[in-house]
Amino acid sequence: MKRWFRQHRYAILVALRRLWLHPFSSVANLLVIALTLALPILGASFLKAAQPVVKEVSISPEITVFMKPGAAPQASQNVLNSVNSNYADVVESARIVTREEALASLKRNPNWADALSVLPDNPLPDAVLVTLGPVENLPAVTATLVKDLGSSPDVHTVQHDAAWVQRLAAILDFITIGLGMLAIGVALIVLATVFNTVRMQALSQREEIAVARLVGATESFVHRPFLYLGAFTGVLASLLAIAFAQAALQPLNTALANLAASYGTRIELVLPDSIWLLFSIVAVALLAALSARWSVTRNTRF
Amino acid sequence: MIEFQHVFKSYGRSRNILADINFRIDAGEFVFVSGPSGAGKSTLLKLIGGLEPPSRGSITVKNQRIDKMPARARPYLRRAVGVILQDAHLLFDRSAIDNVLLPLTVVGLEHGQAVSRARAALEKVGLSGKEDLNPVEMSGGEQQRLAIARAIVNRPAILIADEPTANLDRESARRILDVFRDFNRVGVTTLIASHDTSLMAEYANRTLQITAGGFNDFAGVAA
């Protein structure tokens with residue numbers, strides 16, 4: 001066991017010495033990998049910031065049916081009855097908001113109170129508020145209902161309030177898929193960079209490898225320092241990438257804070273959770289070690 | 001200790017470098033391998049060291065059949081056979097003692113123990129006090145002795161050397177052969193490839209002569 005530890009300690013020292021002896025190429029490789037890795041980390045930060053927006057706003061479709069000005073009070077009741085009878089299986093709740101209730105609600109808001117007080121009469125129409133329940137194929141059901149309600153002669157407008165949230169959710173889905181593809185691209189870049197680094201190292205260490213074999217080194221002994229070299233490159237590049245992402249988030253957050261304040265809200269981009277970052281570091285290190293193994297096996301056949 | 005039976009060696013489709021070689025070397029023998037350049041002396045030594053497999057025939061070294069040995073087992077055989085090549089194959093990015101430490105690192109020996117064994121090996125070849133020199137700072141003869149120290153540090157049962165005196169003056173060549181003879185006297189089976197018949201005459205007990213026409217086994221020096 002002690003012998004095993006000694007051989008691994010030797011491999012680690014050799015790997016670190018090889019990184020140290022070629023500072024410029026080592027730093028250049030680390031920067032390439034780190035900058036590439038920083039992109040998905042930043043992407044994940046954006047997703048993490050955007051997801052609460054989607055989660056906090058209800059995406060259960062809420063449809064508001066505005067009656068025509070001057071429509072008979074019975075008209076909104078007819079719409080309500082039609083909804084309850086024809087769409088009972090998809091509607092969670094439906095209620096009438098009369099023009100008087102709407103005006104009273106607006107007047108309770110001090111921003112609107114003054115403006116409404118100068119109007120000669122109530123400009124608001126009656127409305128029917130329909131909330132759909134959880135159903136399969138929600139977009140199709142919603143579209144049918146909107147179309148059906150809009151065809152009534154007493155209806156002025158049918159407003160589908162949750163559409164923008166659904167669009168945002170769709171955009172986030174799109175970004176998630178994009179990030180997945182970016183991660184695959186990043187993985188390929190890590191593979192290629194480490195493969196080439198190890199190839200160059202193996203060629204420059206040709207004499208040492210030949211001598212080691214001459215004196216009885218096994219292939220594991222020859223390959224081991226290169227595997228550590230790959231793994232160290234992966235770990236160091238991941239840590240650098242996290243530092244780059246953190247540094248980039250500061251100016252982005254300043255700009256975002258100004259933008260969010262103008263909408264009366266607050267959004268902050270933060271790095272993904274520590275567990276997620278740790279998992280990423282381990283994954284990159286394993287990937288780099290795998291690439292190093294592939295490279296050293298191919299490039300030390302002499 | 002070493003036995004060749006009907007051994008052939010060729011590279012690709014070229015003619016046989018070695019053809020139908022048969023001999024046996026017992027433990028503790030001191031044997032020269034002679035022949036003109038290109039006759040196959042180096043190839044013969046590489047076969048004994050397990051550095052290359054034979055094309056045909058059986059080779060037994062230390063009771064192990066090299067020709068049937070899987071590639072992953074050969075490194076363990078190499079640890080029992082000290083190899084010195086004509087070009088000393090030293091590593092010039094490290095000191096003399098670090099060169100000698102490499103075989104001990106390969107077997108995973110504890111560092112303190114390894115350093116004392118490396119110092120002892122350097123002392124045996126007359127390089128005491130030169131542990132921290134870079135091989136570049138050494139003469140040709142010293143470099144060759146450093147290669148010998150690296151080959152013997154793992155206490156091999158067999159020592160093989162390919163033209164170890166080829167680029168050395170007479171005096172340096174004698175010192176190198178004296179070192180080999182000293183190891184042989186303590187029981188290390190020694191094989192040296194050389195084409196220097198006058199030096200062989202001074203040291204050889206037995207000579208394996210490889211020629212274009214065949215293979216001869218002489219007691220003493222080949223005529």
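Residue numbering restarts at 1 for every chain, and letters A, B, ... go by the order of the sequence lines. Worth saying up front: this structure is predicted, and the values here are computed from it rather than measured.
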Heavy-atom count check: over 12 atoms from other residues, nucleotides or ligands less than 6.0 Å from [X] [atom1]?
X        : atom1 : answer
B:Arg174 : CZ    : yes
A:Met200 : CE    : no
B:Glu123 : CD    : no
A:Arg298 : CZ    : no
B:Arg56  : CZ    : no
B:Phe8   : CZ    : yes
B:Asp26  : CG    : yes
B:Arg117 : CZ    : yes

Checklist entry - When you look at B:Arg74 and A:Glu219, which way does the salt bridge (charged side-chain N to carboxylate O under 4.0 Å, His left out) test go after all the steps? => result CA-CA 10 Å; B:Arg74 288 203 188 117; A:Glu219 287 309 290; over 6 Å; no

Return the [atom1] to [atom2] distance between [X] and [Y], rounded to the nearest 0.5 Å.
X        : Y        : atom1 : atom2 : value
B:Leu101 : A:Tyr10  : CG    : OH    : 9.5 Å
B:Asn99  : A:Glu208 : CG    : CD    : 9.5 Å
B:Lys46  : A:Leu214 : NZ    : CG    : 10.0 Å
B:Leu109 : A:Arg6   : CG    : CZ    : 6.5 Å

Next on the checklist: Quick check on A:Arg17 against chain B: is it the side chain, the backbone, both or neither that has a heavy atom closer than 4.5 Å?
Outcome noted: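 Contact with chain B is through the side chain of A:Arg17 alone.
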
Checklist entry - Under a 4.5 Å heavy-atom cut-off, does chain B meet the side chain of A:Gln7, its backbone, both or neither? => result side chain

Next on the checklist: Between B:Arg78, B:His111, B:Arg72, who has the most heavy-atom pairs with chain A when the cutoff is under 4.5 Å?
Outcome noted: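 Between B:Arg78, B:His111, B:Arg72, the count favours B:Arg78.
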
Item to check | Flag side-chain contact, heavy atom, 4.5 Å: B:Asn154 against A:Val215 | outcome: no

Checklist outcome for this item: Here the pair of heavy atoms bringing A:Thr218 nearest to B:Tyr76 is CG2-OH, 3.4 Å

Checklist entry - Would A:Glu207 and B:His89 count as a side-chain contact (heavy atoms from CB on, under 4.5 Å) if you check the C-alpha gap in whole Å, the side-chain angles of each, and the deciding distance to 0.1 Å? => result CA-CA 7 Å; A:Glu207 186 66 18; B:His89 282 278; 2.8 Å; yes

Checklist outcome for this item: When the 4.5 angstrom heavy-atom criterion is applied to B:Val107 and chain A, the contacting part is backbone

